[in-house]
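To start, the structure itself, in structure tokens.
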Amino acid sequence: MSAATRLTLALPKGRVMQDALSVLRQAGLDLVLEAEERALRFEAGDVDLIVMRNADVPTYVELGVADAGVVGKDVLLEAGSELYEPVDLGFAACRLSLIRPEGASAPVARVASKYPRLTAEYLRRMGSSAEVVELAGNVELACLTGMADAVVDIVQTGSTLKANELEEVDVILRSTARFVVNRAALKLKSAELRPLIRALRELSGA
């Protein structure tokens, strides 16, 4: 593969990256990672990899710094991204939910979340005028300290909620990891991207 057609992929740090590497290898890519785990950009066999925060993947792909990437549907929706999204990879399943202290019944006046856009849209649909506060850390703490009446956050097993006497009040959306592609790259590197997309679709049963 020449430098002009070599693919650059954006992958999120952590567990999703490991699952993404596994499915990309199954799809036929020869991916060899360097031993240095702190590397953020490196050649990895057939492609160049850029490793970043989950929330940054849509931006890097949309601006063409990466040709394609793997990111959660929740992140795509929060970013308001219009990226081409050809494959639902099926892993990293979770749900974005409204969470409150167990038994809470008072009106919700303030909601804290890492997802301010989706939270505001949800509250509008519900006819709520509650204030939305954006946080970057552990949003459940906002409920536990009384800073907010509710939080909107990702839930996988629910064990953290139970441990802190919190409960899901409503599921706003369900999310899985998606393979996303820069639209210009799909044209310029069609010979590399389209077979990869077909292989990923076959693996995901699409």
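This is a predicted model, so every value here is computed, not measured. Side chains included, hydrogens not; waters and symmetry mates left out as well; all remaining heavy atoms used.
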Ser175 and Leu96, any side-chain heavy atoms less than 4.5 Å apart: no

Val152 and Leu123, any side-chain heavy atoms less than 4.5 Å apart: no

Any donor-acceptor pair under 3.5 Å from Thr119 side chain to Tyr115 backbone: yes

Between CD on residue Glu167 and SG on residue Cys143, distance to nearest 0.5 Å: 10.5 Å

Taking every non-hydrogen atom, the tightest pair across Val57 and Leu11: CG2-C, 4.3 Å

Residues, nucleotides or ligands: over 12 heavy atoms within 6.0 Å of Glu82 CD: no

Side-chain touch Arg183/Lys187, heavy atoms, less than 4.5 angstrom: no

Heavy-atom side-chain proximity of Val180 to Pro58 below 4.5 angstrom: no

Hydrophobic cluster membership, Val169 vs Leu173, 4.5 Å side-chain cutoff: yes

Heavy-atom pair with the smallest gap, counting every atom of Phe179 and Pro86: O-CD, 3.0 Å

Single-linkage hydrophobic cluster Leu9~Met52, side-chain heavy atoms < 4.5 angstrom: no

Distance-minimising heavy-atom pair for Val155 and Glu168: CG1-OE2, 3.7 Å

Beyond-backbone contact of Val47 with Leu31, side-chain heavy atoms, under 4.5 angstrom: yes

Leu24 vs Leu200, side-chain contact (heavy atoms from CB on, under 4.5 Å): CA-CA, chis, key distance, verdict: CA-CA 7 Å; Leu24 289 168; Leu200 289 171; 4.3 Å; yes

More than 12 heavy atoms of other groups within 6.0 Å of Glu165 CD: no

Tyr122 OH: over 12 foreign heavy atoms closer than 6.0 Å: yes

Side chain proximity check, Arg100 to Val108, heavy atoms < 4.5 angstrom: yes

Over 12 non-hydrogen atoms of neighbours within 6.0 angstrom of CZ in Arg25: yes

Candidate pair Met126 and Leu98, rule side-chain contact (heavy atoms from CB on, under 4.5 Å), full reasoning: CA-CA 12 Å; Met126 296 296 103; Leu98 181 71; over 6 Å; no

With sequence neighbours excluded, residues passing salt bridge (charged side-chain N to carboxylate O under 4.0 Å, His left out) with Arg194: none

Same apolar cluster: Val139 and Leu77, side chain cutoff 4.5 Å: no

Smallest separation among heavy atoms of Ala27 and Leu203, with atom names: N-CD1, 3.6 Å

side-chain contact (heavy atoms from CB on, under 4.5 Å) between Leu196 and Leu7, intermediate numbers included: CA-CA 11 Å; Leu196 178 58; Leu7 293 177; 4.3 Å; yes

Any donor-acceptor pair under 3.5 Å from Asp170 side chain to Ile172 backbone: no

Hphob cluster co-occupancy, Ile99 + Ile154, side-chain heavy atoms under 4.5 angstrom: no

Closest approach of Ser204 to Asp88 (non-hydrogen atoms, all atoms of both residues): CB-O, 3.4 Å

Side-chain heavy-atom pair Ile197, Tyr84 within 4.5 angstrom cut-off: yes

Other residues, nucleotides, ligands: >12 heavy atoms within 6.0 Å of Arg15 CZ: no

Heavy-atom donor-acceptor pair, Glu192 side chain to Arg6 backbone, under 3.5 Å: no

Presence of salt bridge, Glu85 and Lys73, under 4.0 angstrom: yes

Spatial distance of atom CG (Asp153) from atom OG (Ser113) [nearest 0.5 Å]: 6.5 Å

Separation between CD of Glu202 and CD of Gln26, rounded to the nearest 0.5 Å: 12.5 Å

Note: Arg117-Glu78 ion pair, threshold 4.0 Å (strictly below): no

Shared hydrophobic cluster for Val71 and Val87 (ILVMFWY, side-chain gaps under 4.5 Å): no

Heavy-atom closest pair, residues Leu21 and Leu49: CD2-CD1, 3.9 Å

Under 3.5 Å donor-acceptor, Asp30 side chain and Asp46 backbone: no

Asn164: partners by side chain to side chain contact (heavy atoms under 4.5 Å, CB included), with sequence neighbours left out: Leu144, Thr160, Leu166

